[in-house]
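Take a look at the structure set out below.
Letters A, B, ... mirror the listed sequences (proteins, then strands); counts begin at 1.
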Protein chains: 2
Amino acid sequence: MAVRLADVAAACKLSTSTVSRALSDPEKVNALTRSRVERIAREMGYVPSRVARSLVSGRTDSIGLVVPDIANPFFSAMTKAVQARARDKGYSVILADTDERAVDELDRARTLDKQADGLILASPRTDAAQLREIAENSQTVFANREVDGAASVVIDESEGMNEAVQYLVSLGHRSICYLSGPSRSWSNLQRREAINAACVANEAELIELGPFEPQIQAGMRAADVVQFKGATAVIAYDDMIALGVMARLAERGVQVGREISVIGIDDSPLSEVAYPLLTTIHLPGAELGATAVDLLLEQLDSAATDSEPPRLCLETRLVIRGSTGLRVS
Amino acid sequence: MAVRLADVAAACKLSTSTVSRALSDPEKVNALTRSRVERIAREMGYVPSRVARSLVSGRTDSIGLVVPDIANPFFSAMTKAVQARARDKGYSVILADTDERAVDELDRARTLDKQADGLILASPRTDAAQLREIAENSQTVFANREVDGAASVVIDESEGMNEAVQYLVSLGHRSICYLSGPSRSWSNLQRREAINAACVANEAELIELGPFEPQIQAGMRAADVVQFKGATAVIAYDDMIALGVMARLAERGVQVGREISVIGIDDSPLSEVAYPLLTTIHLPGAELGATAVDLLLEQLDSAATDSEPPRLCLETRLVIRGSTGLRVS
DNA sequence: CACGATGCCGGAAACGGTTGCGGTATCGTG
DNA sequence: CACGATACCGCAACCGTTTCCGGCATCGTG
């Protein structure tokens, strides 16, 4: 069916080794024969088999990406960046979506590991011990999660969170409600700690609700609880929940931005179309993805140097829009 | 490094052929030795090399998916479905995002073709001749695009479009504005034809504007043109544009749903958080993805039967929310 | 006992490339 | 002219599986 190296060799009246070298190792072969081989190969429509090449090289030139939910704008933006950067470097991306099922993460990671040269695990929910095991057995970079002894790139939310709390306090809010994300989520833990510290520092009361799934529907449910609690300022685990809250509050006739202030986290494109526009903590999702790829490829090239794996940290900032305002009592 | 079949064979004092059979073709081997092999293989942590297996089987058990923009909710929803269905069938998904660059589509498709058993091309912008060439050289299913002689699954928008126009007319609108999507987009062509037919049938005037990129920013620009033209009813190429229009109109103090009616296409999750909630034509994106996978796998199994490739068509319906209302003059 | 059938297993050839090593011209130099 | 260096190319092994084919026991049957 497909034309093989041997076919080209036959047509050139050369050995497969020479043809192979002519096409991939141009130095080692006569310039004349090389151009002849190249021409004939082109004419015959030869394309090398990646599989065969992988078998001998031991590399597949592809990386695996595991995300909790590709439909979540944060992860789709990140995925886009991962794909773009990987392609720039000559790698392709195998995608796995766990649909927020923590138990599937390990399985997916292990499956991908056999097909890819390395793995990027985005916001994994699995516990540290198992993640460490994955990291030991395969080249791995964690995004949005730190794991001892493994490479990772995370987002430091404390600064943005502090800005957010300070801003709310300056608007007159003394009691702030945090809507928790998935309980197994590392970043939820980070955000909780950050908001807690920020509340202490700014002398505000913190009310925690949740956990809620990072989805609009869950946010709508959360809105009812929020209103029941009589909160005037809300910071949600992410934009999806925040948007759900806003949508539900609007449904109930509550004026967001006046009667109640809502802050999201992500700065997804949606936050610019919601009404009112959503005040949110900007998360550099694209940068996260691109950096994760860079880290992974570095790791692949530097073939198992047992030096301490790198841990990178990206910054956040608060983006103020219309969903927050002066406290009215 | 990794434990190979030969290592297991040595440990079992058997030949690789027997071990191979014991693990994959359980009938052909003594039950006793089989269980022994299985045990030893497990103890040694043996995992078969997918690459080596692919080399002989000729299959990679993965499919390639090419999308114009994974950050677009329509495609991320579709991708999610593709991934889920593929995984159910034992396949993994290699993702390529062209970032709406039509010229890259062919290249991506050809690259993926070498790594995957088959391809799904979602909403390709490339011209038919080149797509047909792709389809001839590799197992391909087109999603959201019909190509002569190739398998495809598309969404028939005429019904939904007709509902939409009829609905707008019943609200008193006599002139309807259509915001075109990418000019190379097949589905944009479909939608234009559908709305045109619907307008003729319902005796409404049609005003076409565009083209606009399917992004919120482009929709915001579109809003200014819309307002300049004095239109009272707008149907946008997709939800992203519609949301951009709404956001910009809100910015300018125009009350969407009262002064002007806006209809999107997609029914993405965003349409439920926008304010007002976006009336939109529901597109079965997940179903589209899942069906494309089914078609592709059928095609792979039925190994080149030269029967006419299947063309499937999914239905749409109008979802009425708050962004549309009676015409006020 | 002899013989064919049957059940298990091993040898070896694929699959399609890459690469170390050795062989053969060709050339320059003493 | 002889010899060593050099540039090119071919042979064959190898990557890790699968699978065809044939061999050897074992068993049942005539």
Report summary line: Testing D/dG10, C/dC15, C/dC9 for proximity to the side chain of B/L14, the answer is C/dC9

Query raised in the report: Between the side chain of B/D104 and the main-chain N/O of B/T98, is any donor-acceptor distance below 3.5 Å?
Result: no

Query raised in the report: Between C/dC9 and B/T33, is there an OP1 or OP2 to side-chain N/O distance shorter than 4.0 Å?
Result: yes

Query - Close side-chain approach of A/S123 and A/W186, heavy atoms under 4.5 Å - result: no

Requested in this report: Write down the distance between CG (B/D61) and C1' (D/dT17), rounded to a whole number of angstrom.
Outcome: 14 Å

**Report entry** Short side-chain N/O contact from B/T18 to OP1 or OP2 of C/dC8, under 4.0 Å
**Finding:** no

Query raised in the report: Thinking salt bridges, do B/D99 and A/K80 make one under a 4.0 Å N-O criterion?
Result: yes

Report task. To the nearest Å, give me how far apart CZ (A/R50) and P (C/dG17) are. Result -> 13 Å

Requested in this report: Would you kindly give the CZ-to-C1' distance between A/R36 and D/dC9, to the nearest whole Å?
Outcome: 12 Å

Query raised in the report: Does A/T140 use its side chain to pair, donor to acceptor, with the backbone of A/S138 at less than 3.5 Å?
Result: yes

**Report entry** Minimum-distance nucleotide to B/T16 side chain [options: D/dT18, C/dT18, D/dG10]
**Finding:** D/dT18

Report summary line: Rounded to whole Å, CG of A/L5 lies from P of C/dG17 at a distance of 5 Å

Query raised in the report: Counting only distance, no hydrogens or angles, is the base of C/dG17 paired donor-acceptor with the side chain of A/R21 under 3.5 Å?
Result: no

**Report entry** Nearest-Å distance for atom pair CG/P, residues B/L55 and D/dT17
**Finding:** 12 Å

Query raised in the report: For D/dG16, does either OP1 or OP2 sit under 4.0 Å from a side-chain N or O belonging to B/R53?
Result: no

Report task. Provide, to the nearest angstrom, the distance between the CZ atom belonging to B/R59 and the C1' atom belonging to D/dT17. Result -> 16 Å

Query raised in the report: With sugar-phosphate meaning primed atoms plus P, OP1 and OP2, does B/S49 contact a base, only sugar-phosphate, or nothing at under 4.0 Å between heavy atoms?
Result: sugar-phosphate

Report task. Quickly work out the B/K114 NZ to C/dG17 C1' distance and round it to whole Å. Result -> 15 Å

Query raised in the report: If only side-chain N and O atoms of A/S20 are considered, is one of them under 4.0 Å from the OP1 or OP2 phosphate oxygen of C/dT18?
Result: yes

Query raised in the report: Whole-Å distance between C/dT24 P and A/N30 CG?
Result: 20 Å

Query - Side-chain donor/acceptor of B/S54 to base of C/dC15, under 3.5 Å - result: no

Report task. Hey, which sits more toward the 5' end of DNA chain C by its nearest nucleotide, B/A31 or B/A52? Result -> B/A31

Query - Working for salt bridge (charged side-chain N to carboxylate O under 4.0 Å, His left out), residues A/E146 and A/R311 - result: CA-CA 8 Å; A/E146 281 186 335; A/R311 295 174 167 223; 3.5 Å; yes

